[in-house]
Colleague: 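One structure follows; several queries about it will come next.
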Amino acid sequence: MTMAQRSLKVAVIGAGTAGLVTARELQREGHRVVIFEKAAEIGGTWKYNPEIESDPLGIDPNRKIVHSSLYSSLRTNLPRHLMGFSDYPFNVKKNGELNNFPGHEEVLKFLNNFARDFGIFDLIRFNTEAVRIERENGEENNQWIVEWRGNDDDEENKTEVFEAVVICNGHYTQPKVPQLPGIRNWAGKQIHSHNYRVPEPYGGQVVVVIGAGPSAYDISQDLCKVAKQVHLSSRSNDVKISKLSENVWQHSEVEYCYENGEVGFKDGALVAADIILYCTGYKYEYPFLKTNGIVRVDDNRVGPLYKHIFPPQLAPRLSFIGITFHAVIFLMIELQAKWVAHVLSGKTNLPSQQQMLDDTEQHYRRLEANGTPKHQSHSLRGIMFEYLDWLSIEAGGEAVDDNIKHIYEKYIESIASSYPWIGSSFRDLDIHKFIK
Ligand code: FAD
């Protein structure tokens with residue numbers, strides 16, 4: 001183990017991919033780690049749960065929340081060559097076969113193997129939900145209180161003080177649902193993809209799927225086997241009405257939802273629909289975090305965060321891992337975690353608070369100038385490897401392996417050319433031709 005310059009007692013919130021890797025990196029830097037995990041198992045998103053919530057749109061604040069948003073048929077949307085860590089490749093087999101695009105069970109197994117091989121299980125307090133995270137009295141104080149509750153309703157909440165907190169609670173649980181024109185009086189059923197598991201309940205139905213990401217296409221592929229019709233709706237300007245397969249159509253944005261159950265699209269089509277299924281993404285939420293307004297979520301921008309990780313006014317003792325997207329997620333999480341571990345041990349210095357705030361402001365201004373909506377603030381599209389190289393070098397490592405960059409770039413190029421992904425799956429791609 002590297003001798004740390006400063007060893008801190010660190011609370012990690014969540015034992016999904018981000019929490020597990022963060023714990024490993026913190027330990028490597030000599031920090032003392034406790035992971036708080038509200039579930040009984042590790043894996044977070046990758047722990048498939050057949051249960052769905054009582055409110056299919058996920059709006060009722062009193063519903064029992066199901067964490068994972070995975071559907072049963074889900075396979076990764078990145079090839080396994082991009083689903084490992086820098087020193088721990090993804091080699092989990094299913095029935096003796098190494099799949100290029102593994103299913104969720106293989107990913108969960110991979111994470112379990114990782115946690116076992118790096119001794120992470122001993123650090124986790126399962127069935128323990130962090131309900132309040134707050135800096136102890138006063139601005140200069142670097143002590144953080146973590147209040148948590150266990151499974152037992154009769155037991156009182158407990159608190160413990162830490163020297164730093166790393167938040168790894170995930171951001172694919174709280175549905176984001178757009179308000180479609182006329183939807184209040186629309187006659188049909190509505191559901192968010194968070195509560196979609198299997199296609200059978202949709203047998204014989206006419207389903208409108210809102211969204212244009214991998215989930216919208218995966219779920220439509222699932223649905224078209226049993227549904228009467230599937231109508232995909234995208235708000236992208238490039239989309240024209242088209243028939244994608246026997247019973248799947250692509251449409252533009254929804255124009256209006258009528259009381260009689262019809263859904264009108266801006267391309268002029270009118271469809272008598274039974275169900276609207278929203279594949280419209282998720283909201284960032286930190287109900288446990290009390291920072292007196294220093295960290296805010298505004299239209300899905302969590303900020304201000306220096307490099308999407310440190311709130312300048314609370315750095316380095318509070319940090320967030322895994323907020324960014326449109327990326328090679330596992331590697332991104334690993335490099336973010338390495339940087340945080342190095343900064344906490346004092347091996348890597350952060351700029352001054354003012355410089356971090358200025359850098360963050362500049363980032364926001366750049367987004368605005370490019371016309372990037374606020375809710376895309378944490379997207380790494382087009383800048384991912386620049387960002388990952390920077391993180392890695394800041395954490396004392398080297399730029400990301402050229403082979404990873406090459407596979408990713410070729411892969412993205414190929415899937416873009418086979419969009420929309422109905423009928424032909426990008427998962428049939430021969431990834432080996434991209435490996436140098
Ligand atoms: P999570 O996996 O969500 O883990 C967060 C953990 O925190 C959970 O275990 C949760 O129980 C715990 N937690 C939350 N709040 C508290 C609290 N207050 N106290 C204690 N514990 C708490 N990524 C890929 O790389 N490839 C893919 O193919 C891919 N496909 C995806 C498909 C879908 C449908 C979705 C939704 C996501 C997909 N992702 C994919 C992204 C995926 O979310 C990440 O791979 C990864 O799971 C993120 O890990 P995380 O640890 O940040 O969050």
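Predicted model, so just to flag it, every value in this text is computed and none were measured. Ligands are counted one by one from 1 in listed order, and the atoms in each one are counted from 1 as well.
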Colleague: Considering distance alone, does some N or O of T45 sit under 3.5 Å from an N or O of ligand 1?
Modeller: yes
Colleague: Is S215 close to ligand 1, meaning an N/O of one under 3.5 Å from an N/O of the other?
Modeller: no
Colleague: Give a yes/no on ligand 1: does G322 have at least one heavy atom closer than 4.0 angstrom to it?
Modeller: no
Colleague: Does ligand 1 have an atom that lies less than 4.0 angstrom from a heavy atom of P287?
Modeller: no
Colleague: Which bit of C168 gets closer than 4.0 Å to ligand 1, counting heavy atoms only: side chain, backbone, both or neither?
Modeller: backbone
Colleague: Can you name the nearest heavy-atom pair linking H363 to S377, along with the distance?
Modeller: NE2-O, 3.5 Å
Colleague: Salt bridge (charged side-chain N to carboxylate O under 4.0 Å, His left out) with E51: which residues, sequence neighbours excluded?
Modeller: K64
Colleague: Can you tell me the protein heavy atom closest to atom 41 (C) of ligand 1 and the distance?
Modeller: Y172 CE1, 3.9 Å
Colleague: Judging by distance only, is a nitrogen or oxygen of R75 under 3.5 angstrom from one on ligand 1?
Modeller: no
Colleague: Please write down residue, atom name and distance for the protein heavy atom closest to atom 52 (O) of ligand 1.
Modeller: A18 CB, 3.6 Å
Colleague: According to ring-ring contact (aromatic ring centres under 6.0 Å, His included), who are the partners of H231, at least two apart in sequence or on a separate chain?
Modeller: W249, H251
Colleague: Counting neighbours of CG on N95 that are heavy atoms of other residues, nucleotides or ligands and sit closer than 6.0 Å, is the number greater than 12?
Modeller: no
Colleague: Within a 6.0 Å radius of atom CD on E200, are there more than 12 heavy atoms belonging to other residues, nucleotides or ligands?
Modeller: yes
Colleague: H171 to ligand 1: N or O pair under 3.5 Å?
Modeller: no
Colleague: Would you say F288 has any N or O atom under 3.5 Å from an N or O of ligand 1, going by distance alone?
Modeller: no
Colleague: Is ligand 1 under 4.0 Å from a heavy atom in the side chain of E129, in the backbone, in both, or in neither?
Modeller: both
Colleague: What about N77: any of its N or O atoms under 3.5 Å from an N or O on ligand 1?
Modeller: yes
Colleague: Pairs of nitrogen or oxygen atoms closer than 3.5 Å, one from I321 and one from ligand 1: do any exist?
Modeller: no
Colleague: Between Y71 and ligand 1, does any nitrogen or oxygen pair lie at a separation below 3.5 Å?
Modeller: no
Colleague: Hey, is M83 touching ligand 1 through its side chain, its backbone, both or neither, going by heavy atoms under 4.0 Å?
Modeller: side chain
